[in-house]
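Below: one structure, written as structure tokens.
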Amino acid sequence: MILVPLRQTLIRSGLKYYSSALPKTIDIDGKTFKTDDSMTNVTPNTLALVGRNLHLNENHPVGILRTMIEEKLNSTSNNFKTYNNFKPVVSVYDNFDSLGFLPDHPGRAKTDTYYINKEFLLRTHTSAHEIPCFQRIKNFLSKDKNSNIPPEQLTDKTGFLISADVYRRDEIDRNHYPAFHQMEGACAWKRNPDDPQEHINKLRKDIKQLEDQLAQEKLKITLVSDDVSLEANPKQDYMSDLEVNLCSQHLKRSIELVVSEVFNQKIESMKLLQKNDSNYKCEIPTELKARWIRAYFPWTAPSWEIEVWWQNDWLELCGCGIVREDLLLRSGYEKDSSIAWAFGLGLDRIAMLLFDILDIRLFWSHDKRFQNQFQKGKITTFQPYSRYPGTSRDVSFWLPKGLTKKDINDNDVTEIVRGIGSDLVGSVKLVDVFTNTRNNQVSVSYRIFYQSMDRNITNSEINDLQQKVCEAIVEKYNVELR
Ligand code: DAH
């Protein structure tokens with residue numbers, strides 16, 4: 001009986017927490033959007049990251065990596081047109097529906113995605129721009145669908161690369177931040193109805209060229225496994241077995257070329273460090289183990305992920321696959337006219353590894369001691385200019401009777417903490433949940449790690465922040481602090 005009123009209090013206090021500060025409209029990138037009490041969950045803190053465009057800065061680790069990959073892929077016989085200026089607000093349709101995400105896909109949840117209102121959100125991945133880019137490859141479009149893209153935006157290239165900032169509500173730690181960067185890539189071949197061998201021959205030639213390039217790379221990739229079975233990872237009916245085979249070989253070799261380039265650059269920078277610093281000890285790999293594993297994405301089939309063996313662990317680098325026919329049809333391609341592959345990779349995690357950056361927040365630092373360390377085209381090892389130790393504080397509370405841990409979402413708690421501590425928040429982790437057997441009340445504890453990347457923060461500053469965090473949690477969830 002008591003459950004209902006308590007739940008209502010929880011929901012009411014939740015709404016109050018967000019709506020007390022919620023303006024009627026918000027401006028993003030020069031455009032005004034109406035907010036919506038039930039959907040808007042984007043915060044000023046996250047909106048402040050929009051427009052930083054770290055990927056466009058050629059002297060920033062993310063920008064350096066972006067350029068390196070673009071150059072490598074454009075050294076192949078396929079031509080990729082680059083699109084690096086798409087704005088981060090996209091429709092729910094573009095981000096999810098157009099790619100075939102089912103209505104109940106967890107990625108759509110308000111706990112995982114920043115919504116502006118019911119219709120618009122901050123893109124969660126660069127795949128949101130695949131259709132507009134497929135539409136820009138003019139030789140593939142059917143004539144009657146040509147009209148919605150202005151002629152000057154059409155391109156003769158056969159592939160595209162999109163780099164951009166993407167946003168996800170998530171827990172925060174050294175590897176996770178509300179914003180990060182992705183690169184999307186795709187490549188297409190047109191079937192010639194008068195010559196069914198034409199695109200097959202072209203694909204064979206392109207693959208041969210990629211294999212020759214790979215053979216010349218300094219760092220050799222050893223594939224320890226390659227999932228080629230189509231049983232559990234079915235192909236599309238619109239393609240023949242031969243087409244799937246060639247298209248996936250082309251996709252895999254293209255990505256391996258990028259991986260070989262990136263890790264070779266890393267190895268070169270390790271060698272340099274070893275030469276200049278006798279204290280630097282580490283084993284320098286002479287080959288790179290990689291494996292292709294089966295994956296699932298709603299708009300590609302079959303799909304894979306590539307992982308590489310790096311510092312004693314498998315590191316997941318990139319998701320990819322053969323583009324499903326419905327996506328090409330939605331892009332205005334005539335039925336049976338073309339085949340294509342696509343991939344998407346996260347830039348930040350790779351850039352952290354390349355430049356030895358241990359905390360993702362550093363990418364966003366305005367400190368010149370960070371920004372001035374990097375130069376276009378060069379992989380260098382980050383020199384920490386200061387290490388401020390940081391401090392942890394726990395917030396522990398009893399949930400109102402009848403509620404369980406399921407009623408408290410970790411990403412929501414993280415948002416509350418970041419809303420108060422901003423970039424001084426290094427991580428927020430759930431550390432304890434237990435039920436008092438006497439009265440069945442549930443206790444929950446989170447550990448917050450406060451640390452500045454650029455300066456010392458005092459104890460009293462941290463205490464003030466922690467006090468505000470506690471108050472905000474009490475207000476939002478109607479809980480009792482322990
Ligand atoms: N958008 C996916 C993600 O964020 C990555 C991805 C996977 C992109 C497969 C693709 C693809 O284009 O084919 O996890």
Side-chain angles (χ1 to χ4, degrees), residues 55 62 66 69-70 73 78 80-83 86 88 90 92-102 105-109 112-114 121-137 159-170 175-188 227 233-236 239 244 247-256 258-259 292-307 315-328 330-331 338-350:
H55 65 291
V62 173
R66 191 257 310 158
I69 302 177
E70 284 174 358
L73 283 171
N78 297 87
F80 296 86
K81 167 92 178 142
T82 53
Y83 296 97
F86 281 116
V90 301
V92 175
Y93 177 82
D94 288 341
N95 198 81
F96 293 122
D97 304 84
S98 71
L99 295 162
F101 281 85
L102 293 175
H105 191 281
R108 293 180 186 254
D112 292 31
T113 294
Y114 289 107
L121 46 76
L122 292 180
R123 71 183 149 223
T124 65
H125 55 174
T126 41
S127 308
H129 303 292
E130 267 196 23
I131 289 181
C133 289
F134 272 120
Q135 286 173 341
R136 282 168 166 82
I137 308 187
F160 57 79
L161 298 172
I162 310 162
S163 296
D165 39 337
V166 301
Y167 298 79
R168 287 189 201 171
R169 280 177 113 241
D170 205 340
N175 293 311
H176 295 90
Y177 195 74
F180 57 102
H181 301 82
Q182 284 189 333
M183 181 187 283
E184 194 84 9
C187 195
D227 184 280
N233 200 357
K235 77 168 186 72
Q236 295 278 287
M239 287 171 73
V244 175
C247 205
S248 18
Q249 280 192 54
H250 190 274
L251 163 64
K252 288 175 175 176
R253 301 299 89 80
S254 302
I255 290 175
E256 287 162 16
V258 168
V259 170
W292 285 102
I293 52 177
R294 189 185 309 155
Y296 172 80
F297 303 101
W299 63 101
T300 51
S303 311
W304 299 273
E305 270 162 3
I306 187 170
E307 293 183 341
L315 180 73
E316 183 196 314
L317 286 184
C318 166
C320 61
I322 308 299
V323 177
R324 292 173 66 117
E325 181 178 31
D326 40 6
L327 192 111
L328 295 178
R330 254 178 237 134
S331 306
S338 316
I339 60 176
W341 58 243
F343 74 79
L345 64 84
L347 293 169
D348 303 59
R349 208 77 69 85
I350 306 175

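Atoms within a ligand are numbered from 1 in the order they appear, just like the ligands themselves. All values derive from a computational prediction rather than experimental measurement. Hydrogens, waters and symmetry mates play no part in the numbers below; they use all other heavy atoms, side chains included.
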(message) Checking the side chain of Arg349 only, and the main-chain atoms of Leu317 only, is there a donor and an acceptor separated by less than 3.5 Å?
(response) no

(request) Look at ligand 1 and say whether Glu305 reaches it with a heavy atom at a distance under 4.0 Å. (result) no

(request) Taking only heavy atoms of Thr300 into account, list the atoms of ligand 1 that are under 4.0 Å away from them. (result) 13 (O)

(message) Nearest 0.5 Å, please: how far is CG in Asn175 from CG in Asp170?
(response) 10.5 Å

(message) Give the atom numbers and elements of ligand 1 that come within less than 4.0 Å of a heavy atom of Gln182.
(response) 3 (C), 4 (O)

(message) Is Gly321 close enough to touch ligand 1? Criterion: a residue heavy atom under 4.0 Å from a ligand atom.
(response) yes

(request) Could you tell me if any non-hydrogen atom of Trp341 lies under 4.0 Å from any atom of ligand 1? (result) no

(request) Mind listing the closest non-hydrogen atom pair of Glu130 and Ile162 along with its distance? (result) N-CD1, 4.2 Å

(message) Any heavy-atom pair between the side chains of His129 and Val90 that's under 4.5 Å?
(response) yes

(message) Does the residue Arg168 have a heavy-atom contact with ligand 1, meaning some pair of atoms that are separated by less than 4.0 Å?
(response) yes

(request) Flag the pair Lys252 and Asp227 as a salt bridge only when some basic side-chain nitrogen lies within less than 4.0 angstrom of an acidic carboxylate oxygen. (result) no

(message) Give the atom numbers and elements of ligand 1 that come within less than 4.0 Å of a heavy atom of Glu130.
(response) 12 (O)

(message) Does ligand 1 come near enough to Cys320 that some N or O of the ligand is less than 3.5 Å from an N or O of the residue?
(response) no

(request) For ligand 1, find out whether one of its N or O atoms is nearer than 3.5 Å to an N or O atom of Thr124. (result) no

(message) Under a 4.0 angstrom heavy-atom cut-off, which atoms of ligand 1 come close to Gly319?
(response) 6 (C), 7 (C), 9 (C), 11 (C)

(message) I'd like to know if the side chain of Arg136 and the backbone of Phe160 have a donor-acceptor N/O pair within less than 3.5 Å.
(response) no

